[in-house]
Amino acid sequence: MIRAVGIVVPVHDEAAHLADCLASIDVAASCLDEEIKVVKAVVLDSCADGSALIARRWQRSGDCHALEIQARNVGVARAFGMSHVL
């Protein structure tokens, strides 16, 4: 039985799309059994736009974890997020 789902969103200057992305994840998560915990991590990789502000708003609502790194590498960002989610 699945008890938890981890979702990692690697981000590099995605302010134009990040809120919609996180909202769509919420819609998908709402289709799961309410006993399944959904853990979301937004990994802000060398962002220079408003992505961090958007991610922090979602974090304050208790909906996700906003993590910052300076790797400029999607694989590194994804791995960093998964280590946090797990």
Side-chain angles (χ1 to χ4, degrees):
M1 172 187 229
I2 297 173
R3 297 188 180 165
V5 173
I7 300 168
V8 175
V9 182
V11 174
H12 174 72
D13 293 342
E14 303 291 340
H17 305 287
L18 185 55
D20 288 340
C21 173
L22 294 172
S24 69
I25 291 170
D26 283 346
V27 170
S30 72
C31 297
L32 297 173
D33 186 307
E34 61 188 42
E35 293 180 17
I36 297 174
K37 180 179 179 176
V38 178
V39 179
K40 291 177 274 189
V42 176
V43 182
L44 302 152
D45 187 3
S46 305
C47 291
D49 66 353
S51 296
L53 180 62
I54 294 165
R56 286 188 195 108
R57 274 192 222 130
W58 284 76
Q59 179 174 282
R60 280 193 298 273
S61 72
D63 227 14
C64 75
H65 302 274
L67 312 169
E68 293 190 54
I69 64 171
Q70 300 295 320
R72 292 192 60 91
N73 182 297
V74 69
V76 171
R78 192 177 297 119
F80 184 80
M82 283 308 298
S83 68
H84 182 80
V85 167
L86 294 174

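Heavy atoms only: backbone and side chains are in, while hydrogens, waters and symmetry mates are out.
- In this structure the side chain of I25 reaches within 4.5 angstrom of the side chain of V9, judged on heavy atoms.
- In this structure R78 satisfies the salt bridge (Lys or Arg N to Asp or Glu O under 4.0 Å) test with no other residue, sequence neighbours excluded.
- Not a single ring pair (Phe, Tyr, Trp, His ring centres under 6.0 Å) links H17 to another residue, sequence neighbours left out.
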Practice prompt. Run the numbers on K37 and R3 for side chain to side chain contact (heavy atoms under 4.5 Å, CB included), then give the verdict.
Written response: CA-CA 6 Å; K37 180 179 179 176; R3 297 188 180 165; over 6 Å; no
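- Atoms CH2 and CG, on W58 and D26 in that order, are 4.5 Å from each other to the nearest 0.5 Å.
- Here D49 pairs with S51 under the side-chain hydrogen bond (donor to acceptor under 3.5 Å, both in side chains) rule; sequence neighbours left out.
- Remark: I54 CD1 to L22 CG distance equals 8.5 Å, nearest 0.5 Å.
- Note: the hydrophobic cluster containing V39 also contains M82 (ILVMFWY, side chain heavy atoms under 4.5 Å, direct or indirect links).
- A donor-acceptor pair under 3.5 Å is absent between the side-chain atoms of D45 and the main chain of A77, judged by distance alone.
- For the atom pair E14 CD and C21 SG, the distance stands at 8.5 Å (nearest 0.5 Å).
- Hydrophobic cluster membership differs between V38 and L67, with clusters built from Ile, Leu, Val, Met, Phe, Trp and Tyr side chains linked at under 4.5 angstrom.
- Considering every non-hydrogen atom in both S46 and A71, the closest pair reads OG-N, 3.8 Å.
- With rounding to the nearest 0.5 angstrom, the SG atom of C47 is 7.5 Å from the CD atom of E68.
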Practice prompt. Under the side chain to side chain contact (heavy atoms under 4.5 Å, CB included) rule, what do H84 and H65 come out as? Steps first, then yes or no, please.
Written response: CA-CA 9 Å; H84 182 80; H65 302 274; 3.5 Å; yes
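- Between the CE atom in M1 and the CD atom in E35 there is a gap of 6.0 Å [rounded to 0.5 Å].
- L86 and V76 fall within a single hydrophobic cluster, where Ile, Leu, Val, Met, Phe, Trp and Tyr are joined by side-chain heavy atoms under 4.5 Å apart, directly or via other members.
- Hydrophobic clustering (ILVMFWY, side-chain heavy atoms < 4.5 Å, transitive): I69 and V85 are in one cluster.
- In terms of hydrophobic clustering, with Ile, Leu, Val, Met, Phe, Trp and Tyr side chains grouped at heavy-atom distances under 4.5 Å, V5 and V8 are assigned to different clusters.
- The CG atom of D13 lies 9.5 Å from the CG atom of L44; values are rounded to the nearest 0.5 Å.
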